[in-house]
> 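Got a structure here, written out as structure tokens. Questions coming.
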Protein chains: 2
Amino acid sequence: MSTMPEENTRTRPRHAIGFVARRTGIPPDLLRAWERRYGVVEPGRGPRGRRLYSDADVERLTLLRRAVDAGRRIGDVAGMDNAELAALVEEDRRVMVERPGRPAGASPPPGTSAQAGAYLDAALAAVAALDHVGLVEVMDEAAVALGRRALRRELIAPLLERVGEDWYGGRLRVAHEHLLSAVLRGVLEPMHRDASLPETAPRVVVTTPAGELHELGALMAAAAAVERGWRVVYLGPNLPAEEIAGAARQAAARAAALSLVANPGNAQTANELRRLRRLVGKDLAIYVGGAAASSYDSVLDELGIVRVNGAEDFPAPPADL
Amino acid sequence: MSTMPEENTRTRPRHAIGFVARRTGIPPDLLRAWERRYGVVEPGRGPRGRRLYSDADVERLTLLRRAVDAGRRIGDVAGMDNAELAALVEEDRRVMVERPGRPAGASPPPGTSAQAGAYLDAALAAVAALDHVGLVEVMDEAAVALGRRALRRELIAPLLERVGEDWYGGRLRVAHEHLLSAVLRGVLEPMHRDASLPETAPRVVVTTPAGELHELGALMAAAAAVERGWRVVYLGPNLPAEEIAGAARQAAARAAALSLVANPGNAQTANELRRLRRLVGKDLAIYVGGAAASSYDSVLDELGIVRVNGAEDFPAPPADL
DNA sequence: GATACTTTGACAAACAATGGACAAGGTGTT
DNA sequence: AACACCTTGTCCATTGTTTGTCAAAGTATC
């Protein structure tokens, strides 16, 4: 579509081999070997015969490195075109760490303050450096400076998005993402420990359905629910419908909140939702949110489940009784 | 356009045997043996006679491995078609639920104080009642009263064991276990945030290998490591060997600590350990612990990996340099 | 001279294929 | 109980291929 053959920034060669090596994590020797043996890319040449790689080349090399990291053999993937390669890498990633489908581009930080922006930069730097302690320090400071609400909206949410993007662009690895998850869990978990709520406040069970391992959405939801006046029973991720139903019954909960991120539109999750509705009957309110939630809209409709757009829209508890 | 009968991505052979082995958890030798003896799949061949498996092959092999894991004999299930197999696996799964390997009876609380015993009872009651807030209160009080070390030894470790037993005996449900996990994570995570350690303290990367979803052992290890004077880079659970190696390299870590709880003696985990050792070379110390660790003893020996008995035995960092 | 790049050739490890062997555990027969 | 037999996962030897890395020798730039 945008393929003016010349002049295109994507295809204009300009990166030297050392730069590309650092950027992709592939040593120069190996870059040359891959080119020599499999013709993996065809970089242009500078005046003295030096290799000059285009952005498109870098992109393709990043995909190849990911495929190899996932356990593929370079000879098996070297011949694939970029589309095929991208599909392969995406699939491998799903299996390796259960972490899924491109989130349907959450909204970019809207009214982010300059202050939050500075924390965001500092946090990103700490993640990139795998600096656990530094990241915790940034989050603690930000928590004090911004308050809970802004912390979630202006720091944590954009941070998750940026790290996701950077991973996708090959600048970060899965390990960075895990580090962030671990720290954020530590930051978010205390938020729903709020014991100041009356014993009689309506309860909500917060979890993710079986097959859905990503917990951060659930933690954000739990923190938001506390602020709305719910008493939260937090159950962690990956719980079968029977367990959710049993817990809701035992806790005398008025609602269940589920976060859906992985595998948009997958059949197992839809079935879990159906089973849950059947097990709990019509009286329990069920809320779902998360990047993948909208892909289940038809099922949600059929089951009378409410879709929540972002943690800030978490419903207030019913006033009756 | 995607429905050309050939050209179909599901049936086009493209996965090398090593990759399939990792993906399915079936070692290469066994893959070949199953093919030779039962014709379980018919992979295509690459130009030099190398096996290339299709997505459909991988799917079928995964089903077969699940059936075998559930106690079926390969000879009995090898002839079934995929639909039959899927039904069988689904049925078996319902029976076994999700039985994590029986822990090899961790030591009963040795010198437990009466005080800790009271906290233990209170904590168990809160878990049984799904009382999130109450459980947090008990843990917070206990943390102050007992101190970190005794908290781990005399409360958290026995608590995990008791809940595990009660769950196994049907007195508690998965939801109770998850509630406990979530709260304990909140308690343990701050323990390795200790910023008082010098920037130059030797670093240890703490995580669990791919396939191992249980995080609490890793958290206990992280907390113990901090007390021993390590600077901890905590990466959460379920990380492939490449990622662990990459993170250790980037963090300039002196050691990696892994917690193993699920599926004692399983092949995937053993392979992950082997790959990790290969990727990091001989210079990085690797520690493993957890209920399932002893079932890998021969592998650990072969790889020069140190088995740690309980978080209290976590090794001190090397004094050299 | 130090640095960054080029080409070519070489090499050790890791990986894969075939076919055979074997031990541990289960099944069946007497 | 003892026995032979089958099943199954693992291991080995041998051969060959693939792949990451290294070294040598040369060139341009600062």
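Naming convention: chains lettered A, B, ... in sequence-line order (proteins, then strands); numbering from 1 in each chain.
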> Measure the distance from CZ on B:R275 to C1' on C:dC15 and round it to the nearest whole Å.
14 Å
> If we count only N and O atoms by modelled type, under 3.5 Å, do the side chains of B:S294 and B:D297 hold a donor and an acceptor together?
no
> Between B:R48 and A:A33, who's closer to the 5' end of DNA chain D by nearest nucleotide?
B:R48
> Take atom CG of A:L30 and atom P of C:dT6, then tell me their distance rounded to the nearest Å.
14 Å
> Write down the distance between CG (A:D76) and P (C:dC15), rounded to a whole number of angstrom.
13 Å
> If you check every side-chain atom of A:R45, which of C:dC5, C:dT6, D:dT18 has the closest atom?
C:dT6
> Using a heavy-atom cut-off of 4.0 Å across all strands, would you classify A:P27 as base, sugar-phosphate, or nothing?
sugar-phosphate
> Does the side chain of A:Y38 get closer than 4.0 angstrom to OP1 or OP2 of D:dT19 through an N or O atom?
yes
> CZ of B:R72 versus P of D:dT7: gap in Å, rounded?
18 Å
> Taking the side chain of A:R73 as its heavy atoms from C-beta onward, which of D:dG20, C:dA16, C:dC5 lies nearest to it?
C:dA16
> Give me the atom names and distance for the closest heavy-atom approach of A:D55 to A:R14.
OD2-NH2, 2.7 Å
> Separation of A:L31 atom CG from D:dT19 atom P, in whole Å?
16 Å
> Below 3.5 Å, does any donor atom in the side chain of B:R37 face an acceptor in the base of D:dG9, or the other way round?
yes
> Taking only Lys NZ, Arg NE, NH1 and NH2, and the carboxylate oxygens of Asp or Glu, determine whether B:R23 and A:D92 approach each other closer than 4.0 Å.
yes
> Quick check: do B:H178 and B:R173 have side-chain heavy atoms less than 4.5 Å from each other?
no
> How close or far is atom C1' of D:dG20 from atom CG of A:D69, stated in whole angstroms?
14 Å
> Measuring from the side chain of A:R36 (C-beta onward, heavy atoms only), which nucleotide among C:dA10, D:dG20, C:dA17 has the closest atom?
C:dA10
> Measure from the side-chain heavy atoms of A:R50 and tell me the nearest of C:dA4, D:dT10, D:dT21.
C:dA4
> For A:G49 and for B:P28, find the nucleotide of DNA chain C with the closest heavy atom, then tell me which residue's nucleotide is more 5'.
A:G49
> State whether A:R32 and A:E35 are salt-bridged, where the test is any N-O pair (Lys NZ or Arg NE/NH1/NH2 against Asp/Glu carboxylate O) under 4.0 Å.
no
> Give a yes/no on whether any side-chain N or O of B:R51 is located under 4.0 angstrom from OP1 or OP2 of C:dA17.
yes
> Mind calculating the distance between CZ (B:F19) and P (C:dA16) to the nearest angstrom?
12 Å
> Round to the nearest Å and state the distance from A:D29 atom CG to C:dC11 atom P.
17 Å
